[in-house]
Amino acid sequence: MTPETTMPRLTQRLRERNREALAAMIAAEDEAEQKRQTLDLEGSNAWERLAVVAQKDSGQSHHCRRVLLSVYNSYAWPLDLTRLRVLDRDLQQAALTVIEWSLYASDEPHEYTPGGNKLMQRFAAIEKEEQ
């Protein structure tokens, strides 16, 4: 084979690989968009579940507040993952959903709730008092 005959095949293979790579990228973006839409539905319910428990006065409340505060401001409120172990199973699932939702949501999770910022400030004040 001469270089002239192999070049068209090489060019064709490169074009096909580029098309395959582009198709894979588009599929991944579509999947991420579907995941975001699902999490927008599930995430707000999970956030609300944690917020309701966080407003009470129990060990579960304390840990729910810390999960929510970590999603709100992880620099000021780092999450110790052992907190997830002490939560009831339904609260564990809600916490994991909220954490995942925070990765995909176009806005901060607390912004989906009216008065969410004020509520998070109240949770921060409670936690500072307990420290």
Side-chain angles (χ1 to χ4, degrees):
M1 272 190 200
T2 65
E4 294 83 29
T5 60
T6 60
M7 282 306 283
R9 280 193 250 158
L10 178 60
T11 301
Q12 182 181 5
R13 283 195 312 239
L14 289 173
R15 284 183 182 148
E16 183 58 34
R17 285 186 185 167
N18 286 340
R19 278 193 289 276
E20 289 171 0
L22 182 59
M25 287 173 41
I26 290 170
E29 286 299 316
D30 288 345
E31 186 178 330
E33 178 60 22
Q34 288 176 340
K35 182 72 169 178
R36 188 191 63 74
Q37 289 175 2
T38 300
L39 284 168
D40 279 347
L41 297 172
E42 296 173 0
S44 61
N45 291 335
W47 194 93
E48 184 64 33
R49 172 80 174 106
L50 292 177
V52 166
V53 174
Q55 293 179 62
K56 297 178 181 176
D57 187 26
S58 71
Q60 296 279 304
S61 302
H62 169 66
H63 297 297
C64 287
R65 280 192 299 271
R66 294 304 287 249
V67 168
L68 291 172
L69 285 167
S70 181
V71 169
Y72 177 68
N73 182 348
S74 63
Y75 295 108
W77 300 97
L79 179 61
D80 176 0
L81 293 177
T82 57
R83 291 184 182 284
L84 297 175
R85 292 183 183 165
V86 298
L87 292 173
D88 294 340
R89 292 282 183 224
D90 65 319
L91 293 174
Q92 283 177 346
Q93 187 57 54
L96 292 172
T97 299
V98 167
I99 291 167
E100 187 176 25
W101 182 39
S102 73
L103 300 174
Y104 283 88
S106 48
D107 292 319
E108 294 294 323
H110 68 279
E111 292 176 358
Y112 287 87
T113 300
N117 195 49
K118 188 175 181 179
L119 182 62
M120 297 310 295
Q121 290 173 3
R122 193 171 119 232
F123 289 165
I126 292 169
E127 288 301 309
K128 285 177 184 175
E129 204 173 283
E130 288 186 3
Q131 286 181 343

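In this structure, Q55 CD and C64 SG are separated by 11.0 Å, a value rounded to the nearest 0.5 Å. L41 contributes atom CG, which lies 10.0 Å from atom CH2 of W101 (distance to the nearest 0.5 angstrom). Considering CG of N73 and CD of Q121, their distance stands at 11.0 Å, rounded to 0.5 Å. If you take CG on L39 and CD1 on I99, they are separated by 12.0 Å, rounding to the nearest 0.5 Å. Note that CZ of R85 is 12.5 Å distant from NE2 of H63, once rounded to the nearest 0.5 Å. Note: H62 NE2 to L87 CG = 10.5 Å, rounded to the nearest 0.5 Å.
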> Between Q92 and R89, does a side chain to side chain donor-acceptor pair (under 3.5 Å) hold up when you go through it step by step?
Replying inline: CA-CA 5 Å; Q92 283 177 346; R89 292 282 183 224; 2.8 Å; yes
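Residue L103 is grouped with residue W77 when hydrophobic side chains (ILVMFWY) are merged at heavy-atom distances under 4.5 angstrom, including chains of intermediate members. Linking Ile, Leu, Val, Met, Phe, Trp and Tyr whenever their side-chain heavy atoms come within less than 4.5 Å leaves I126 and V52 in two separate clusters. Hydrophobic clustering of Ile, Leu, Val, Met, Phe, Trp and Tyr side chains at less than 4.5 Å, counting indirect connections, keeps L22 apart from L14.
Across all non-hydrogen atoms, the minimal contact from S70 to P78 is OG-C, 4.1 Å. Taking every heavy atom of both residues into account, W47 and V98 meet most closely at N-CG2, 3.4 Å. In plain terms, the two heavy atoms of L50 and A95 that are nearest each other are CD1-CA, 3.7 Å. A pairwise comparison of heavy atoms in P109 and V71 identifies CG-CG1, 3.8 Å as the closest pair.
Between the D88 side chain and the D90 main chain, no donor and acceptor come within less than 3.5 Å of each other. Checking side-chain atoms of E111 against main-chain N and O of N117 turns up no donor-acceptor pair under 3.5 Å. Remark: the backbone N or O of Q93 is paired with a side-chain donor or acceptor of T97 at under 3.5 angstrom. Proximity of a side-chain donor or acceptor of S61 to a complementary backbone N or O of V53 within less than 3.5 Å is detected. A distance-only check finds no donor-acceptor pair linking the side chain of R36 to the backbone of Y104 [under 3.5 Å].
Between R19 and E16, at least one side-chain nitrogen of the basic residue sits less than 4.0 Å from a carboxylate oxygen of the acidic one, meeting the salt-bridge criterion. In this structure, E20 does not pair ionically with R17, as no charged nitrogen and carboxylate oxygen lie closer than 4.0 Å.
At a threshold of 4.5 Å between non-hydrogen side-chain atoms, the residues R15 and N18 do not count as touching. In this structure, the side chains of Y72 and E108 stay at 4.5 Å or more apart for every pair of heavy atoms. Within the 4.5 Å cutoff, the side chain of T82 has no heavy atoms near those of the V86 side chain.
Around CG of D57, the count of heavy atoms belonging to other residues, nucleotides or ligands within 6.0 Å does not exceed 12.
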